[in-house]
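One structure below.
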Amino acid sequence: MRYDLVIFDNDGVLVDSEPISNQLLAAYLTELGHPTSYEDSIRDYMGAAMHRVHELVLERTGRRLPADFDDVFHARVFAAFQRELKAVAGATDVLEELVASGVPYCVASSGSHERIRVGHRTTGLDRWFGEGRIFSSEDVGRGKPAPDLFLYAAERMGVAPERCVVVEDSPLGVRAAFAAGMDVYGFTAMTPAERLTGATQLFSSMGELSGLLH
């Protein structure tokens, strides 16, 4: 393969969680007096760590979200995951091929470690991702679009940034990978291609990814 490490984003790339979490986020913000549509949530928060939600709401309204906002939101998300969450179609096929080819891979997500693990256990992806393959924005000071998370994952996996490729579906993630000096393949299943400008390649289904990696 062309790369020594494949770094996957999690939400929307490995687990089909973006529709669930953004519907719940929009509803919760609206409930708290910050009217937000599903489309607003996708545009402003998809691919971001939770601190971005707090920062944008404070910047726009001058009001802070409740201290227990993250806990309440995650409880709602995890309950919905148990009912509805599925792996992204074709994701396990790509993972199987990477294992067969002996190419290292990992996940680097804006989500918390708990959120990543809940999603993986629910969908059966946990068998692919042991302890040393999961990296979260909790592990670094700054989340995407800063390059810190991807650089941290590459360092921990022992691979130079220029030998890595990132698989992303959010504009923030594409910017972070670019800033890290890595190639990035933009997944357009949920995100319009024009929002992923700067991506090395674009693809719309996991079936196309294996061909791009070779």
(message) So does R2 get a backbone contact from the side chain of R163, meaning a donor-acceptor N/O pair under 3.5 Å?
(response) yes
(request) Decide, yes or no, whether a salt bridge links E59 with R52 under the criterion of side-chain N to carboxylate O below 4.0 Å. (result) no
(request) To the nearest 0.5 Å, tell me how far R133 CZ sits from D126 CG. (result) 13.5 Å
(request) Mark yes or no for whether Y185, through its side chain, and L212, through its backbone, hold a donor-acceptor pair below 3.5 Å. (result) yes
(message) Side chains of Q201 and D183, heavy atoms from C-beta outward: is any pair under 4.5 Å?
(response) no
(request) Answer yes or no: is there a donor N or O on one side and an acceptor on the other, between the side chain of S101 and the main chain of V103, under 3.5 Å? (result) no
(request) For residues H54 and D70, determine if any side-chain heavy atom of one lies less than 4.5 Å from a side-chain heavy atom of the other. (result) yes
(request) Kindly indicate whether the side chain of Y38, heavy atoms from C-beta on, has any atom under 4.5 Å from the side chain of P19. (result) yes
(message) When you group the ILVMFWY residues by side-chain heavy-atom contacts below 4.5 Å and let the links chain together, are L32 and L56 in the same group?
(response) yes
(message) How long is the straight-line distance from CG of L209 back to OG of S204, given to the nearest 0.5 Å?
(response) 11.5 Å
(request) Nearest 0.5 Å please: distance from the NZ atom of K144 over to the OG atom of S109. (result) 5.5 Å
(request) Working to the nearest 0.5 Å, report the span between CE of M46 and OG of S170. (result) 6.0 Å
(message) Is the ring pair F81/F78 parallel, tilted or perpendicular, if the boundaries are 30 and 60 degrees?
(response) tilted
(message) Counting C-beta onward and ignoring hydrogens, is there a side-chain heavy-atom pair between V118 and R121 closer than 4.5 Å?
(response) yes
(request) Identify the heavy atoms of F129 and I134 that sit nearest to each other, and give their distance. (result) O-CD1, 3.9 Å
(message) For the backbone of T36 and the side chain of T30, can you confirm whether one donor and one acceptor N or O come within less than 3.5 Å of each other?
(response) yes
(request) Of all the heavy-atom pairs spanning F187 and L196, show the shortest one and how long it is. (result) O-CD1, 3.7 Å
(message) Checking the side chain of T191 only, and the main-chain atoms of D169 only, is there a donor and an acceptor separated by less than 3.5 Å?
(response) yes
(message) If I compare all heavy atoms of V107 with all of H120, which pair ends up nearest, and what's the gap?
(response) CG1-CE1, 4.3 Å
(request) Find out if a path of hydrophobic residues (ILVMFWY) with successive side-chain heavy-atom gaps under 4.5 Å connects I7 to L202. (result) yes
(request) Give the minimum heavy-atom separation between A87 and T123, together with the two atoms involved. (result) N-CG2, 3.5 Å
(message) More than 12 heavy atoms of other residues, nucleotides or ligands under 6.0 Å from CZ of R156: yes or no?
(response) no
(request) State, with a plain yes or no, whether a side-chain heavy atom of M50 is found less than 4.5 Å away from one of H74. (result) yes
(request) Find out if a path of hydrophobic residues (ILVMFWY) with successive side-chain heavy-atom gaps under 4.5 Å connects Y45 to I20. (result) yes
(request) Please answer whether the main-chain N or O of I42 pairs with a side-chain N or O of E18 as donor and acceptor at a distance below 3.5 Å. (result) no
(message) Can you tell me how far apart CG (L29) and OG (S41) are? Round to the nearest 0.5 Å.
(response) 7.0 Å
(request) Among V88, L95, V166, find the residue that satisfies the side chain to side chain contact (heavy atoms under 4.5 Å, CB included) test when tested with F8. (result) L95
(request) Assess whether atom OH of Y3 is packed by more than 12 heavy atoms of other residues, nucleotides or ligands within 6.0 Å. (result) yes
(request) Measure the shortest side-chain to side-chain distance between D11 and R115 over non-hydrogen atoms and say whether it is less than 4.5 angstrom. (result) yes
(message) Within this structure, what is the CZ-CG distance for the pair F73 and L25, rounded to the nearest 0.5 Å?
(response) 4.5 Å
(message) Is the distance between the ring centroids of F135 and F150 under 6.0 Å?
(response) no
(message) Do D93 and M206 make a side-chain contact, defined as non-hydrogen atoms from C-beta onward lying under 4.5 Å apart?
(response) no
(message) Taking the side chain as everything from C-beta on, heavy atoms only, tell me whether D9 gets closer than 4.5 Å to V167.
(response) no
(request) For T200 and V184, indicate whether the former's side chain and the latter's backbone hold a donor-acceptor pair under 3.5 Å. (result) yes
(request) Could you go through the salt bridge (charged side-chain N to carboxylate O under 4.0 Å, His left out) check for E168 and R175 one step at a time? (result) CA-CA 10 Å; E168 261 289 354; R175 285 167 55 195; over 6 Å; no
(message) Hydrophobic clusters here meaning ILVMFWY residues chained together by side-chain heavy-atom distances under 4.5 Å, can you tell me if V159 and Y152 are in one?
(response) yes
(request) Show your reasoning for whether side chain to side chain contact (heavy atoms under 4.5 Å, CB included) applies to R60 and D44. (result) CA-CA 12 Å; R60 289 170 173 175; D44 292 340; 2.9 Å; yes
(request) Decide whether L58 and V53 are clustered together by the hydrophobic rule: side chain heavy atoms of Ile, Leu, Val, Met, Phe, Trp, Tyr closer than 4.5 Å, transitively. (result) no
(message) Quick check: closest heavy atoms across A180 and P161, and the distance to 0.1 Å?
(response) O-CB, 3.5 Å
(message) Quick one: does any side-chain atom of S110 pair with a main-chain N or O of S137 as donor and acceptor, under 3.5 Å?
(response) no
(message) I want to check a possible cation-pi pair here: R76 against Y28, using under 6.0 Å from ring centre and within 45° of the ring axis as the test.
(response) yes
(message) How close do A154 and M182 get, counting heavy atoms only, and between which atoms?
(response) CB-CE, 3.8 Å
(request) For the pair T188 (side chain) and F203 (backbone), establish whether a donor and an acceptor sit closer than 3.5 Å, ignoring hydrogens and angles. (result) yes
(request) Determine yes or no for a side-chain-to-main-chain donor-acceptor pair under 3.5 angstrom, with E97 supplying the side chain and V94 the backbone. (result) no
